[in-house]
Asker: 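My questions all concern the structure below.
Scope of the values below: all heavy atoms of this structure, side chains included, with no hydrogens, waters or symmetry mates. Residue numbers begin at 1 in each chain, while the letters A, B, ... track the order of the sequences.
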Number of protein chains: 2
Amino acid sequence: MRSYRYKELVPRHQKRVTLEEVARIAGVSRATVSRVVNGVASVDESIRRTVEKAISTTGYLPNLAARSLVTRRADAVALVLPSEDRIVGDPFFTRIVRGVSGVLSPLGVHLVLMTTSADTGDQVVADLRQGRLDGVILVHTYRADPLPNRLVRGRQPVVLSARPADPIPITYVDVNQTAGGALAAEHLVARGCHRVATITGSLDRPPGHDRLAGFCSAMARLGQPGVICVEGDFTRQSGAAAMRRLITAHPEVDGVFIASDLMAEGALPVLREHGRRVPDDVAVVGFDDSSAALSCDPPLTTVRQPVEDMAAEMARQLLKQVDQIDTPIRSVIFEPSLVIRQSA
Amino acid sequence: MRSYRYKELVPRHQKRVTLEEVARIAGVSRATVSRVVNGVASVDESIRRTVEKAISTTGYLPNLAARSLVTRRADAVALVLPSEDRIVGDPFFTRIVRGVSGVLSPLGVHLVLMTTSADTGDQVVADLRQGRLDGVILVHTYRADPLPNRLVRGRQPVVLSARPADPIPITYVDVNQTAGGALAAEHLVARGCHRVATITGSLDRPPGHDRLAGFCSAMARLGQPGVICVEGDFTRQSGAAAMRRLITAHPEVDGVFIASDLMAEGALPVLREHGRRVPDDVAVVGFDDSSAALSCDPPLTTVRQPVEDMAAEMARQLLKQVDQIDTPIRSVIFEPSLVIRQSA
DNA sequence: TTGTAGGCGTTATCAG
DNA sequence: CTGATAACGCCTACAA
């Protein structure tokens with residue numbers, strides 16, 4: 001039941017400075033030092049100064065395990081990413097990390113990185129119950145993942161990175177995916193494309209599904225129903241494969257909405273292989289505005305998703321739940337925007 | 001001195017199960033339960049079973065803050081990555097995470113992700129002293145980073161991901177970079193290349209420097225001194241830019257060693273732009289064997305660096321230091337190998 | 001082998 | 001406003 005490493009425990013000889021010691025030096029009680037440390041207002045100004053001097057001369061830092069024991073806060077949250085095969089090389093996750101730690105780190109809250117495996121669910125639940133974690137941010141959970149529900153039922157602080165496939169009462173942060181799809185449609189049509197296709201993401205996941213839905217209904221609204229549609233799975237490879245199928249089956253296409261920049265990055269070289277110039281022969285619009293959009297040749301016109309902001313919002317929503325149990329569920333939807341570069 | 005969030009602390013109503021309670025139910029003392037939980041051998045078999053039953057019926061899980069308070073272990077280590085601009089889209093870091101958490105996660109040790117900023121150094125040192133962190137893995141520290149030295153002087157567990165620029169007594173895990181450069185040289189020469197060039201990484205960092213050194217001295221040994229050399233900085237963009245300069249200044253090159261797959265990924269399209277076929281006109285060898293090598297067109301022949309294994313080793317070395325202070329410094333060097341695909 | 005009791009370093013309650 | 005004093009939950013000599 002316990003780590004075997006434990007046996008060989010060897011004492012570390014750091015002479016820790018304790019509240020006790022600071023108190024002795026300042027000539028006050030531990031309680032007073034604690035008040036100063038925690039910035040409690042009701043402390044006499046001169047005493048506060050004395051204590052602060054004692055703190056800085058001793059280099060005192062509070063032991064967080066002891067504090068955690070009584071406050072019941074770990075000051076740590078987990079970021080759970082999908083199993084790592086998919087995350088390799090996808091800039092999306094780096095942006096998530098950046099956004100999340102942007103709000104966590106100034107607050108001194110640790111970001112514990114986990115990747116899903118057979119037992120991450122149990123692990124996370126255990127960590128929460130053991131007081132090592134205050135809450136969880138779940139990124140791209142798969143459709144049948146029982147973890148979100150489990151956490152909700154356990155009334156544990158949790159935030160999802162996107163609308164869950166099945167409607168459960170949980171806080172999530174998302175971009176307006178359908179609006180994003182519509183932006184792409186409007187741009188392609190405005191550009192004069194008449195044979196329009198789309199390479200979708202995984203359709204069993206809400207983002208993939210919604211981007212497609214938004215794209216198609218906007219195309220219909222704009223007088224071009226019957227969009228050609230090839231399915232990918234958000235990876236670069238799938239983008240290339242999908243484009244190969246598309247261009248073979250429908251050599252006449254003159255505009256493609258590709259549901260992620262990463263897929264677009266895979267698809268563009270395929271267009272070139274087949275002698276198509278972008279955007280002259282085929283206009284291409286991506287989705288994400290990730291760093292991949294800039295590595296594309298030509299630079300990708302794409303639907304921007306403010307991932308860093310969204311991630312920051314996830315962190316804030318989570319902390320809110322941590323601070324106050326039973327915070328009402330309030331999901332936040334960001335609006336996408338179109339970033340016009342050279343591919344369309 | 002303290003997070004302001006503290007004030008609004010609201011009690012969380014999880015009825016925690018404590019040792020005390022399990023003990024009462026099992027009809028033994030707390031000490032005995034503790035022994036069972038920690039797998040101490042000297043516990044009567046029947047009592048152990050009774051206790052285990054009590055544990056499972058109550059769903060007891062030890063409070064780790066309390067444990068940490070007495071064991072002085074946080075069971076958490078930090079992974080410090082370079083500031084995020086560079087890490088975006090570089091598969092190297094995902095591989096590091098995978099390798100590290102592969103050994104940490106089964107042991108229940110948390111991986112706390114940090115990215116370098118102005119005060120990460122202070123943050124890390126404080127976390128260590130506050131007992132929130134047991135050790136630190138530093139990935140790609142910049143040359144003048146004072147943190148490694150600071151940690152060494154403080155006798156804190158720390159491992160670097162590569163040989164430090166300045167020789168300090170610190171444990172690091174690295175690949176034999178010069179041997180890697182040599183592998184590339186040998187392959188290009190064996191292939192019959194006569195006008196060989198290299199696009200280097202950042203030369204102020206040991207990996208960049210050593211790969212170049214290994215490559216050049218091997219070329220000289222093989223009878224082709226005077227290698228053409230263009231400097232990059234390990235990013236995809238720099239790879240493209242370097243190749244542009246190279247092909248313009250030396251249109252006669254027929255073989256290039258590019259010091260990272262990511263740079264190669266940027267460089268290959270440039271070769272194509274200039275009408276060069278790979279490998280027929282120009283043979284290209286990369287370095288890393290990252291996922292980028294496979295996304296290249298054609299798939300990249302490259303010097304493989306076993307990053308996952310190296311990362312796992314970093315974790316193990318770190319834990320060793322955590323378990324036993326003053327573990328002798330013992331760096332581990334992995335051997336590279338050549339993965340032959342289609343670019344050379 | 002088991003139980004008793006003290007301590008780990010903080011925060012929090014409640015007199016003074 | 002300040003100081004005792006009691007938790008917080010667990011580990012660990014030491015004694016039985």
Side-chain angles (χ1 to χ4, degrees), chain A residues 1-3 5-7 9-12 14-24 26-51 55 58 60-75 129-132, chain B residues 1-3 5-24 26-51 55 58 60-75 129-132:
Chain A
M1 184 141 190
R2 180 66 198 295
S3 153
R5 291 193 302 110
Y6 179 64
K7 291 291 183 28
L9 200 156
V10 171
R12 238 157 221 300
Q14 313 179 43
K15 31 183 162 182
R16 303 209 189 197
V17 184
T18 70
L19 263 192
E20 180 73 45
E21 194 166 337
V22 176
R24 224 189 45 227
V28 297
S29 72
R30 297 196 312 253
T32 299
V33 178
S34 175
R35 291 186 192 105
V36 171
V37 169
N38 292 302
V40 172
S42 66
V43 175
D44 182 84
E45 219 14 63
S46 75
I47 291 193
R48 149 165 286 129
R49 266 194 295 275
T50 315
V51 172
I55 288 178
T58 55
Y60 167 79
L61 285 176
N63 177 310
L64 294 184
R67 174 181 284 171
S68 177
L69 184 55
V70 37
T71 62
R72 291 162 171 285
R73 285 287 184 288
D75 279 318
R129 291 196 29 197
Q130 307 208 101
R132 295 180 89 186
Chain B
M1 183 138 190
R2 180 64 198 296
S3 153
R5 289 193 304 114
Y6 180 65
K7 289 292 181 31
E8 335 157 15
L9 200 155
V10 171
R12 232 154 226 301
H13 285 315
Q14 314 178 42
K15 30 181 162 180
R16 303 209 189 195
V17 184
T18 69
L19 264 192
E20 180 72 46
E21 195 165 336
V22 176
R24 224 190 43 229
V28 297
S29 71
R30 298 196 312 253
T32 299
V33 178
S34 175
R35 290 187 192 105
V36 171
V37 168
N38 292 302
V40 172
S42 66
V43 175
D44 183 84
E45 223 7 70
S46 74
I47 292 193
R48 149 165 287 130
R49 268 194 295 274
T50 315
V51 172
I55 288 178
T58 55
Y60 168 79
L61 285 177
N63 177 311
L64 294 183
R67 175 181 282 171
S68 176
L69 185 54
V70 34
T71 63
R72 293 163 171 283
R73 285 287 185 288
D75 279 318
R129 290 195 28 194
Q130 306 207 99
R132 295 180 87 186

Asker: Just N and O in the side chain of B/S34: are any of them under 4.0 Å from OP1 or OP2 of D/dC10?
Answerer: no
Asker: Heavy atoms from C-beta onward define the side chain here; which of D/dC10, C/dT2, C/dT10 lies closest to that of B/Y60?
Answerer: D/dC10
Asker: More 5' along DNA chain D: B/A31 or B/A65, using each one's nearest nucleotide?
Answerer: B/A65
Asker: What's the separation between atom OG1 in B/T32 and atom CD1 in B/I47, rounded to the nearest 0.5 Å?
Answerer: 6.5 Å
Asker: Once you round it to whole Å, what is the distance between P of C/dG7 and CZ of A/R30?
Answerer: 12 Å
Asker: When you measure from the side chain of A/L69, which nucleotide among C/dT11, D/dC8, D/dC10 comes out closest?
Answerer: D/dC8
Asker: Considering heavy-atom distances to DNA chain D, does B/R35 or B/V17 have its closest nucleotide positioned more toward the 5' end?
Answerer: B/V17
Asker: So does B/R72 get a side-chain nitrogen or oxygen closer than 4.0 Å to the phosphate oxygens (OP1/OP2) of D/dC11?
Answerer: no
Asker: Expressed as a whole number of angstroms, how long is the span from B/E20:CD to D/dA7:P?
Answerer: 12 Å
Asker: With sequence neighbours excluded, give me every salt bridge (charged side-chain N to carboxylate O under 4.0 Å, His left out) pair touching residues 28-42 of chain B.
Answerer: B/E20-B/R30
Asker: Counting heavy atoms from C-beta on, name the nucleotide in C/dT2, D/dT2, C/dG3 closest to the side chain of A/I47.
Answerer: D/dT2
Asker: From the set C/dT2, C/dG9, C/dG3, return the single nucleotide nearest to any side-chain atom of B/V43.
Answerer: C/dT2
Asker: C/dG3 P sits how many Å from B/L19 CG, rounded?
Answerer: 13 Å
Asker: Side-chain contact test, heavy atoms from C-beta onward, threshold under 4.5 Å: evaluate it for B/T50 versus B/V28 and give yes or no.
Answerer: no
Asker: Taking OP1 and OP2 of D/dC11, is either one under 4.0 Å from a side-chain nitrogen or oxygen of B/N38?
Answerer: yes
Asker: Roughly, in whole Å, what's the span from CG in A/D75 to P in C/dT10?
Answerer: 15 Å
Asker: Spell out, as yes or no, whether a donor-acceptor pair under 3.5 Å connects the side chain of B/S68 to the backbone of A/A65.
Answerer: no
Asker: In whole Å, I'd like the distance from the CD1 atom of A/I55 to the P atom of C/dG9.
Answerer: 16 Å
Asker: C/dT11, D/dC10, C/dT4: which one has an atom nearest the side-chain heavy atoms of B/S29?
Answerer: C/dT4
Asker: Is the phosphate of D/dC1, meaning OP1 or OP2, less than 4.0 Å from a side-chain N or O of A/S42?
Answerer: yes
Asker: If you look at every heavy atom in A/R132 and B/D75, which pair is closest and at what distance?
Answerer: NH2-O, 2.6 Å
Asker: Round to a whole Å and report the spacing from CD of A/Q130 to P of D/dC8.
Answerer: 19 Å
Asker: Measure CG/B/N63 against C1'/D/dC11 and give the value in whole Å, please.
Answerer: 13 Å
Asker: Applying side chain to side chain donor-acceptor pair (under 3.5 Å), name anything that partners A/S34, two or more places apart in sequence or on another chain.
Answerer: A/N38
Asker: Whole angstroms only, please: what is the CZ-P distance between B/R67 and D/dC10?
Answerer: 8 Å
Asker: What bend angle does the helix from C/dT1-D/dA16 to C/dG16-D/dC1 show across its length, from five-pair end axes and to the nearest 10 degrees?
Answerer: 40°
Asker: Ignoring hydrogens and geometry, is there a side-chain-to-backbone donor-acceptor pair from A/T71 to A/R67 under 3.5 Å?
Answerer: yes
Asker: Out of A/V17, A/V22, A/L19, which residue meets the side-chain contact (heavy atoms from CB on, under 4.5 Å) rule with A/I55?
Answerer: A/V22
Asker: Indicate whether OP1 or OP2 belonging to C/dT11 is found under 4.0 Å from a side-chain N or O atom of A/T71.
Answerer: no
